[in-house]
Engineer: 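Here's a structure for you.
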Amino acid sequence: MMRRKKSMKFLFLLSILAIVIAGCSNKGGNNTNSPSPSATTAESTAPSAEPSADANTPVQGGTLTVSTFSDIVSVNPLFISDTASGDMAYLMFASLYDLDREGNLAVEPWSLAAEPPQISEDGKTYTVKLKNTAKWSDGQPITAEDVVFTLNTIINPKAASPAMSQYDKIASIEKLDDYTVKITLKQVYAPFEYSLMLTPVPSHILKDVKPEELQANPYGKEPAKTVTSGAWKWSEWKAGQYVSVEANPEYWSEVKPNIQKIVYKIYADQNTEVQALIKGDVDSTSAIPITQLEAVEKNDKISIVKGEGKANTYEFIGFNFDSNNFPDKFIPFATQKSRQAIAYALNRQGMVDNVLKGTGTLLNAPFLPNNWSHAGEKAVNYAFDPEKAKALLAEDGWVAGKDGILVKDGHRFSFELQYNAGNSRREAVSQIIQQNLKDVGIEVKTSAIDFATWQDQNIVPGKYSAILIGWSLSNPDPDSESIFSSKYFTPTGLNSGWYKNEKLDQLWVDGYSVVDRAARSEIYGKIAEEISTDLPYIFMYQYGNPQGLGPRVKFAPEDAPEPTQQSGYFYHIIKWWVTE
Amino acid sequence: MTEFFIRRTLQSVLVLFLITLVTFGLIHAAPGGPFQIMLSPGLTPEALQMQAHNMGLDRPLPIQYFSWLGDLLQGDLGYTFKNHVAIGDILWPTIKNTFILMGVAWLLTLIIAIPWGIYNSTKEYSLSDQTASFISYIGFAMPTFWFGIILQQIFSIKLDWLPLADMYSMDKEGQVGNLLLHLILPVTVLTLGFLAAYVKYSRASMLEILDQDYVRTARAKGVREGKVIYKHALRNALIPVITIVALDLPLLVAGAALTESVFNWPGMGRLFVQMAVAREYSVLMAITLLTSVIVILGNLLADLLYAVVDPRVQLGKKGGKSA
């Protein structure tokens with residue numbers, strides 16, 4: 001009878017457990033909130049996986065096995081909002097445009113567009129001309145019809161496509177002829193250029209499906225029913241185990257893939273995933289946890305593509321400016337000086353060296369160092385200087401209290417810093433922040449919260465005092481209006497800290513209202529100066545998980561992975577090859 | 001007997017119903033519940049609302065509950081929230097895989113543990129008994145996943161004798177020889193975990209019986225020691241062992257989440273972890289429910305086995321008349 005009681009208890013525990021574990025979503029080392037679907041990767045320093053003398057000639061055939069931590073949801077390009085699905089769609093679908101290594105729109109042999117987009121004088125109209133050779137995997141031609149259908153579906157609220165916000169500036173879509181589409185915007189909106197990296201879906205397959213039923217449609221979930229346009233076509237999906245694609249016999253580009261089959265293999269445990277790379281069960285791991293990095297580095301068969309300075313993700317401390325979130329409605333970091341003092345007090349380089357093991361670079365503004373605008377270079381750099389921090393705090397009217405913590409007008413300089421539980425990087429960094437700030441008389445209480453709860457109860461409603469979190473940038477455009485402008489307070493936008501700076505609000509608008517890059521770069525430079533002085537965030541560093549490549553993977557240096565981009569660990573994969 | 005069976009079955013149905021209610025309620029009350037899972041930062045609140053509507057998640061909870069229950073009664077486990085894939089298609093293959101892994105480990109455990117426990121009960125504190133105790137301590141104390149990692153390091157990475165993880169090699173799917181190779185490490189880990197309890201249990205149970213008067217009587221009558229042990233004592237000693245065996249049956253399906261994850265075994269335990277990470281509550285509900293059914297069946301079976309093995313257990317006699 002004892003035994004039976006125990007079983008019933010087990011049952012109850014099981015349902016509790018379901019909820020507790022469910023909370024720990026985004027378990028890996030890399031939790032980021034992203035303005036749009038995002039991949040988080042690392043950077044390529046090593047140009048190729050050790051090209052040996054006779055290994056420089058591509059070989060046809062073979063299988064490439066890539067490991068991943070999560071399964072796909074759907075590869076239907078209309079509904080992709082997770083990394084795994086994005087990765088597989090990258091292999092299976094062609095887009096209108098691709099990116100070159102510098103983050104410029106490029107017409108590659110595998111792009112659907114025939115030439116760069118023609119932008120009208122007033123900057124509002126984009127004309128895209130398609131290649132007339134492209135075909136779907138069922139042999140049908142890819143035409144303007146497909147592009148128009150795809151865009152119309154995305155902007156139809158009934159379809160509820162997560163891509164909608166990228167296209168909400170569209171005024172009209174027009175098919176000029178079978179291979180030409182004209183898109184007119186309501187206003188000049190320079191970042192729209194990157195929205196032209198659109199991945200069309202086949203109109204002849206989906207046009208009769210009601211928009212509200214598209215998400216539940218088998219298209220994107222059943223290999224046989226998913227007609228695609230890319231170099232590989234979908235052959236199999238074993239839920240929770242692997243997804244595989246094979247070279248598309250109908251592939252239309254003059255450049256054909258060398259690799260015959262790509263298997264995307266799912267591991268439930270990151271340690272096992274890394275061991276599988278070492279053993280050779282998999283050829284590429286897109287994210288080696290920092291904690292495992294040293295073990296992998298010891299193995300000379302594995303080449304590591306690290307993330308210094310090039311990943312598309314950055315981390316920051318976000319301040320909240322709504323006094324309702326503070327005891328006695330007192331915001332301790334309300335003044336610019338106090339926030340600058342915090343910036344000086346933090347040993348960010350120490351964090352990069354010790355916690356990130358060198359896989360990150362300092363960052364002073366919301367612009368990645370490799371961005372074409374080079375705006376980040378204009379930002380104020382706060383080098384580690386506790387004395388300067390103390391001086392600034394004294395100027396700001398703070399005096400040491402009895403317990404060593406600073407006091408002003410009867411309020412202690414104390415606040416809570418939240419991060420997501422289970423993220424070992426943020427846990428380590430938050431402890432350093434706590435210590436660094438204690439050294440200048442600021443008390444930080446760290447609080448680790450399960451990711452789903454955090455998002456649900458703190459971030460989306462904008463209820464916290466400070467958060468340690470990251471953004472993953474989905475494209476190389478420097479526009480971040482929806483994160484920092486007071487037009488975009490949460491939940492409509494991503495400004496969850498209720499930050500308001502009218503000068504910046506206007507600059508963000510100026511930044512996208514002109515198409516010319518030189519003019520834009522200048523505006524973003526001004527934004528960098530202003531934002532790094534005012535500090536709605538303490539910008540910490542950009543970081544990325546290192547990618548590991550096994551000895552079988554080969555590519556020419558110009559085709560190496562490009563971690564600044566989404567699915568960039570597959571950059572130019574069409575030209576890669578594998579050896580036996 | 002029949003009356004007992006009917007009563008227990010009705011009880012079980014009631015318990016199951018309560019479980020569906022609690023599972024559904026808890027999961028819908030959880031932060032970041034099914035509605036939130038679709039929160040993709042590019043999505044406006046209106047679009048989010050629309051997505052929830054398209055997936056039927058904005059209906060009132062009681063309606064969602066009864067529609068879910070109605071489908072369940074027809075054997076339909078429903079669809080995943082995120083991508084509308086039939087849950088049955090995901091779940092059933094993993095049950096088969098878990099059953100293979102757990103079944104082998106469990107059978108192996110029984111084959112080793114029961115005879116060994118009995119032998120040790122007759123040779124208390126012998127070397128064999130001490131060894132069993134030692135192994136039991138290790139089995140109880142060591143986290144299985146950690147033991148799994150150690151075995152992987154030695155036999156797969158260093159020595160390269162055995163596969164690291166998975167159920168089959170990629171190109172050898174369905175081959176029995178390949179499956180057996182993949183079974184060795186996880187089965188070793190699981191068996192060690194099981195063994196600890198079973199050896200201790202069968203030894204203790206046997207020792208208790210050997211102390212009974214009727215065993216002493218048999219010995220006093222001059223019955224051979226072998227016959228005393230295997231004929232007189234064993235049958236009675238096995239009753240409690242059978243009970244725990246029956247109650248452990250659910251494990252055969254529920255699997256071992258950590259061991260399956262470490263060895264990337266595509267079973268139900270691993271699926272549970274994956275789906276929890278992905279916040280796919282619909283599948284978690286299905287797994288919880290399924291496990292519940294099996295726990296309840298295991299309980300029922302144990303009760304019935306009592307009656308079959310031990311005539312002293314009289315079931316259904318409460319009301320006087322019995323079938």
Side-chain angles (χ1 to χ4, degrees), chain A residues 3-4 7-8 10-11 14-16 18-19 21-25 27 33-37 63 65 70-71 73-74 81 157-158 160-166 212-213 215-216 221 238-241 263 266-269 271-272 275-276 278-279 281 450-453 455-457 460 491-492 494, chain B residues 19 22-23 26-27 30-32 36 39-48 50-51 53-55 79 82-85 89-90 94 149 152 156-157 164-166 170 243-244 247 250 260-264 266 270-274 276-279 281 284-285 287-288 291-292 295 298-299 302:
Chain A
R3 246 344 251 201
R4 164 151 4 134
S7 306
M8 299 310 285
F10 163 73
L11 245 179
L14 192 75
S15 35
I16 299 274
I19 289 157
I21 306 187
C24 322
S25 84
K27 217 177 136 202
N33 232 337
S34 56
S36 74
T63 302
T65 308
S70 36
D71 202 354
V73 175
S74 163
S81 60
K158 279 189 181 163
S161 163
M164 192 160 85
S165 62
Q166 277 186 62
E212 56 269 35
E213 284 167 12
Q215 197 170 9
K221 283 165 293 199
K238 259 199 156 168
Q241 295 185 54
V263 179
I266 300 148
Y267 282 87
D269 181 277
N271 176 59
T272 312
Q275 297 305 324
I278 291 174
K279 189 165 163 71
D281 287 355
D450 145 65
F451 194 79
T453 315
Q455 199 164 22
D456 202 23
Q457 309 195 337
V460 174
T492 320
L494 300 163
Chain B
I19 288 168
V22 170
T23 314
L26 276 176
I27 271 166
Q36 193 77 20
L39 186 114
S40 130
L43 218 54
T44 60
E46 296 79 41
L48 188 68
M50 188 56 76
Q51 259 196 7
H53 176 75
N54 291 353
M55 297 306 233
Y79 294 89
K82 277 192 185 172
N83 54 7
H84 206 75
V85 169
D89 291 353
I90 302 176
T94 65
I149 292 172
Q152 282 178 331
S156 177
I157 303 286
L164 178 80
D166 306 325
M170 216 53 214
T243 313
I244 64 160
L247 288 175
E260 287 185 3
S261 294
V262 165
F263 289 99
N264 213 34
R270 175 176 172 275
L271 181 74
F272 191 83
V273 173
Q274 279 183 324
V277 169
R279 281 195 265 162
Y281 295 117
L284 299 187
M285 288 201 301
I287 295 179
T288 309
T291 314
S292 313
V295 169
N299 274 281

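All of these numbers come straight from a predicted model, not from anything done at the bench.
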Engineer: Given heavy-atom pairs under 4.5 angstrom as the criterion, report whether the side chain, backbone, both or neither of B:Thr94 touches chain A.
Structural biologist: neither
Engineer: Which one, A:Thr65, A:Ile266, A:Val263, A:Asp281, leads in non-hydrogen pairs under 4.5 Å with chain B?
Structural biologist: A:Ile266
Engineer: Under the rule for side-chain contact (heavy atoms from CB on, under 4.5 Å), what residues qualify as partners of A:Ala239, not counting sequence neighbours?
Structural biologist: A:Asp71, A:Trp237, B:Ile90
Engineer: So, for B:Leu271 and B:Ile287, which heavy atoms are closest and what is the spacing to 0.1 Å?
Structural biologist: CD2-CD1, 3.8 Å
Engineer: Which atoms of B:Met170 are under 4.5 Å from chain A, going by heavy atoms: the side chain, the backbone, both sets, or neither?
Structural biologist: side chain
Engineer: Should B:Val262 and A:Asn271 count as side-chain neighbours, where that means a heavy-atom distance under 4.5 Å?
Structural biologist: no
Engineer: Looking at A:Lys158, A:Glu213, A:Lys238, which one has more heavy-atom pairs under 4.5 Å with chain B than the rest?
Structural biologist: A:Lys158
Engineer: For a quick test of reading the model, state the closest non-hydrogen atom pair linking B:Ser292 to B:Ile19 and the distance between them.
Structural biologist: OG-CG2, 3.4 Å
Engineer: Side-chain contact, heavy-atom cut-off 4.5 Å: B:Phe272 with B:Leu284?
Structural biologist: yes
Engineer: Which atoms of B:Asp166 are under 4.5 Å from chain A, going by heavy atoms: the side chain, the backbone, both sets, or neither?
Structural biologist: side chain
